[in-house]
Amino acid sequence: MTLRSQNSADVAIVGAGIVGASVAYWLKRLNPSVPVTLIERDRSFARASSALSASSIRQQFSHPLNIRMSRFGLAFLREMGIAVEEKGYLYLGAVAPLRALNATQRAQGADVVLLNPEEITARFPWLSVAGVELGSLGLSGEGWFDGPALHARVLKEARLLGARLIGGEAAGFERGAAGRVHAVMLDGGGRIACAHAVNAAGPWARPLAAAAGIGLPVHARRRTVFVLSCPEALANCPLVIDPSGFWFRPEGRFFIAGTTPSPDQDDLPLEPNHAEFDEALWARMAHRVPAFSALRVERAWAGYYEMNLFDANAIIGAHPSAPNLWFANGFSGHGMQQAPAAGRGVAELILRGCFETLDLSAFGFRRLIENRPIAESMIIG
Ligand SMILES: Cc1cc2nc3c(=O)[nH]c(=O)nc-3n(C[C@H](O)[C@H](O)[C@H](O)COP(=O)(O)OP(=O)(O)OC[C@H]3O[C@@H](n4cnc5c(N)ncnc54)[C@H](O)[C@@H]3O)c2cc1C
């Protein structure tokens with residue numbers, strides 16, 4: 001092997017979670033001859049969000065581009081042969097906002113229906129409709145899947161197509177004229193020369209961007225997921241989003257559930273906050289599903305949401321100060337489902353110079369620079 005093939009690549013991708021793996025996969029699928037290197041500091045992925053996710057997919061967003069990205073993700077899951085348990089999401093809430101959202105979602109082709117409280121009770125007799133004016137249920141194309149299996153599959157496919165995965169920690173970038181990146185610098189002294197670099201460092205994307213002098217409002221926010229057993233079975237249980245902000249769904253013979261912590265702080269240790277169940281979840285869950293008064297915590301895990309505190313939407317594309325440093329970050333809790341579309345989009349930008357499949361330019365840096373946040377009302381904290 002020549003020195004060039006070991007220490008250089010056309011595209012060097014930092015982070016081999018689902019986003020980095022997806023960028024590599026699409027680069028190689030669209031152009032098998034482009035040399036691609038993934039740089040990953042922890043090949044066990046023990047702390048990667050892609051290994052710690054709730055791995056669910058929905059079409060119930062308020063921004064059409066988020067719906068389109070997730071629909072692309074759904075098609076990709078099907079193409080990869082990853083089964084989706086299509087039990088739907090059930091959002092519970094007020095009439096006016098859910099009606100408006102339904103119109104947007106249906107216009108994008110989402111198979112979503114509105115249910116009044118009587119219809120909710122008829123479908124889900126185990127659910128209390130106290131305080132609920134309307135429900136919005138995905139009838140198909142929404143549910144959950146094996147996230148680690150998707151990640152492993154995409155990474156494997158990328159490598160089979162010729163992408164190289166190396167162990168190492170990216171510490172910064174070597175820059176040249178007009179801010180162009182010439183190499184990714186590794187902790188401990190190595191250097192991967194490249195024509196393009198990609199920041200796919202997930203919840204750790206902000207320090208990596210800072211190493212290039214770029215402010216990225218992506219913060220690592222710990223989320224605890226509780227695995228719960230309930231003596232009663234809940235027939236046809238979807239992923240339920242309570243108006244008070246918590247969520248739950250079945251997971252095999254158990255349930256999993258989570259909520260937004262308060263206060264929501266940066267970089268907390270990646271250990272579950274067991275107190276959250278008693279303090280913030282149990283009473284609300286038992287209020288919504290009386291059978292949940294007998295819930296038992298089996299175990300819990302914690303992962304980082306990579307929260308974009310500017311507007312909770314993905315940031316995809318290059319910053320004007322570094323035209324060949326590409327970002328795919330800040331998915332704010334929906335990066336498993338959006339990684340296929342984001343990966344394809346970044347690959348198109350690098351190889352073709354523009355988006356071809358889905359126009360993701362609304363999610364570019366420009367909105368941050370011009371202080372124009374994109375509203376997305378259906379963020380699951
Ligand atoms: C509890 C929880 C529930 C979630 N539920 C859902 C859901 O239901 N549906 C959904 O779509 N999404 C969900 N998400 C979000 C989703 O998991 C993430 O958006 C997605 O996994 C992000 O992928 P990533 O590749 O960007 O990040 P990661 O998977 O974190 O990968 C980043 C990788 O970069 C590596 N890295 C970082 N810095 C460096 C460096 N300097 N050098 C080398 N390597 C580096 C890390 O080691 C890591 O492996 C959830 C997340 C959590 C935490």
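Note that the structure is a prediction, hence the values are computed from the model and not measured. Hydrogens, waters and symmetry mates are skipped; everything else that's a heavy atom, side chains included, is used. Numbers for residues simply follow the sequence, beginning at 1.
Electrostatic pairing of Arg352 and Glu348 does not count as a salt bridge here, judged by no charged N lying under 4.0 Å from a carboxylate O. The existence of a salt bridge linking Arg71 and Asp111 is excluded, since no basic side-chain nitrogen approaches an acidic carboxylate oxygen closer than 4.0 Å. At a threshold of 4.0 Å, the pair Glu119-Arg123 does not count as salt-bridged, since none of the basic side-chain nitrogens sits closer than that to a carboxylate oxygen. Ion pairing between Arg284 and Glu279 fails under the 4.0 Å rule for side-chain N and carboxylate O.
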> Yes or no on side chain to side chain donor-acceptor pair (under 3.5 Å) for Ser56 and Arg249, after CA distance, side-chain angles and deciding distance?
Replying inline: CA-CA 10 Å; Ser56 306; Arg249 70 159 172 85; 3.1 Å; yes
> Given the rule in the salt bridge (charged side-chain N to carboxylate O under 4.0 Å, His left out) test, do Glu79 and Arg29 qualify, once you have shown the distances and angles that lead to the verdict?
Replying inline: CA-CA 14 Å; Glu79 186 190 328; Arg29 180 161 154 181; 2.8 Å; yes
>> Please evaluate residues Leu127 and Ile120 with respect to the criterion side-chain contact (heavy atoms from CB on, under 4.5 Å), reporting the C-alpha separation (whole Å), side-chain torsions for both, the decisive distance (0.1 Å), and the verdict.
In response: CA-CA 8 Å; Leu127 187 89; Ile120 297 171; 3.5 Å; yes
>> Working note: Leu358 + Arg344, criterion side-chain contact (heavy atoms from CB on, under 4.5 Å); need CA distance, chi angles, decisive distance, verdict.
In response: CA-CA 9 Å; Leu358 279 182; Arg344 178 152 189 152; over 6 Å; no
>> side-chain contact (heavy atoms from CB on, under 4.5 Å) for Ser377 and Leu101? Distances and angles first, verdict last.
In response: CA-CA 9 Å; Ser377 65; Leu101 290 165; 3.8 Å; yes
> Do Glu276 and Thr259 pass the side chain to side chain donor-acceptor pair (under 3.5 Å) test, and can you show the C-alpha distance, the side-chain angles, and the key distance before you say yes or no?
Replying inline: CA-CA 8 Å; Glu276 215 171 87; Thr259 191; over 6 Å; no
> Going through the checks in order, is the side chain to side chain donor-acceptor pair (under 3.5 Å) test met by His196 and Asn324?
Replying inline: CA-CA 5 Å; His196 298 269; Asn324 62 341; 5.3 Å; no
> Does the pair Leu134 and Arg99 meet the rule for a side-chain contact (heavy atoms from CB on, under 4.5 Å), with working shown?
Replying inline: CA-CA 9 Å; Leu134 207 59; Arg99 274 201 203 292; 4.2 Å; yes
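Counting only distance, with no hydrogens or angles, the side chain of Ser50 and the backbone of Ile18 share a donor-acceptor pair below 3.5 Å. Proximity of a side-chain donor or acceptor of Glu142 to a complementary backbone N or O of Ile57 within less than 3.5 Å is not detected. When atom types are taken as modelled, the side chain of Arg288 and the backbone of Asp242 share no donor-acceptor pair closer than 3.5 angstrom.
Take Arg296 and apply the salt bridge (Lys or Arg N to Asp or Glu O under 4.0 Å) test, not counting sequence neighbours, and it matches Glu298. Scanning for salt bridge (Lys or Arg N to Asp or Glu O under 4.0 Å) contacts around Arg175 gives an empty result, with sequence neighbours left out. Scored by the side chain to side chain contact (heavy atoms under 4.5 Å, CB included) test, Gln108 finds Pro64, Ile67, Arg68 as partners (sequence neighbours excluded). Under the rule for a salt bridge (Lys or Arg N to Asp or Glu O under 4.0 Å), Glu232 has no partner lying at least two apart in sequence or in another chain. For Arg58, the salt bridge (Lys or Arg N to Asp or Glu O under 4.0 Å) criterion is met by no residue, not counting sequence neighbours. With sequence neighbours excluded, no residue forms a side chain to side chain contact (heavy atoms under 4.5 Å, CB included) with Ala211.
The ring pair (Phe, Tyr, Trp, His ring centres under 6.0 Å) contacts involving residues 241-271 comprise Phe248-Phe292, Phe255-Phe292, where partners must be two or more places apart or lie in separate chains. Under the ring pair (Phe, Tyr, Trp, His ring centres under 6.0 Å) criterion, the residue pairs touching residues 76-125 are Tyr25-Phe76, Trp26-Phe76, Phe124-Trp126, with sequence neighbours excluded. Judged as a ring pair (Phe, Tyr, Trp, His ring centres under 6.0 Å), the pairs with a partner in residues 333-352 (not counting sequence neighbours) are, in order, Phe61-His334. The side chain to side chain donor-acceptor pair (under 3.5 Å) analysis of residues 364-374, with sequence neighbours excluded, yields the pairs Asp311-Arg367, Arg366-Glu370, Glu370-Arg372. For residues 134-162, the ring pair (Phe, Tyr, Trp, His ring centres under 6.0 Å) pairs, not counting sequence neighbours, are Phe45-His151.
Ser49 and Glu306 are not linked by any side-chain donor-acceptor pair at a separation below 3.5 angstrom, with hydrogens and angles left out of the test. Inspection of the Gln338 and Asn66 side chains reveals an N or O donor paired with an N or O acceptor under 3.5 Å. Side-chain contact check for Arg221 and Thr260: no donor-acceptor pair (N or O, by modelled atom type) lies under 3.5 Å. Checking Asn273 against Thr224 by side-chain atom types alone, no donor-acceptor pair falls below 3.5 Å. Inspection of the Ser62 and Glu376 side chains reveals an N or O donor paired with an N or O acceptor under 3.5 Å. No hydrogens or angles considered: a donor-acceptor pair under 3.5 Å links the side chains of Gln337 and Ser70.
The structure places OG of Ser55 at 8.0 Å from CG of Leu150, a figure rounded to the nearest 0.5 Å. The CH2 atom of Trp204 lies 5.5 Å from the CZ atom of Arg47; values are rounded to the nearest 0.5 Å. The NZ atom of Lys87 sits 12.0 Å away from the CG atom of Leu137 when rounded to the nearest 0.5 Å. Atoms CD and CE, on Glu169 and Met185 in that order, are 14.0 Å from each other to the nearest 0.5 Å. Considering CD1 of Ile214 and CG of Leu368, their distance stands at 11.5 Å, rounded to 0.5 Å. Taking CE of Met378 as the reference point, atom CD of Gln105 lies at 5.5 Å (rounded to 0.5 Å).
Residues Ile166 and Leu38 fail the side-chain proximity criterion, which asks for heavy atoms closer than 4.5 Å. Proximity of Leu270 to Leu52: side-chain heavy atoms (C-beta onward) are separated by under 4.5 Å at one or more points. Side-chain contact between Ile350 and Val11 is present, with at least one heavy-atom pair separated by less than 4.5 Å. A heavy-atom distance below 4.5 Å is not found between the side chains of Cys194 and Thr37. When side chains are defined from C-beta on, Gln60 does not count as touching Ile241, because their heavy atoms never get closer than 4.5 Å. When side chains are defined from C-beta on, Ile39 counts as touching Ile192, because their heavy atoms get closer than 4.5 Å. Looking at Val36 and Arg164, their side chains never come closer than 4.5 Å, going by heavy atoms from C-beta outward. The side-chain heavy atoms of Leu27 and Ile13, taken from C-beta on, include a pair separated by under 4.5 Å.
Under a 4.5 Å side-chain heavy-atom criterion applied to ILVMFWY residues, the cluster that includes Val112 comprises that residue alone.
In this structure, Leu30 and Ala347 approach most closely via the heavy-atom pair CD1-CB, 4.1 Å.
Cluster annotation: Leu360 and Val23 are assigned to the same hydrophobic cluster (Ile/Leu/Val/Met/Phe/Trp/Tyr, side-chain heavy-atom contacts under 4.5 Å, transitive).
Below 30°, between 30° and 60°, or above 60°: for Phe327 and Phe365 the angle between ring planes is above 60°, a perpendicular geometry.
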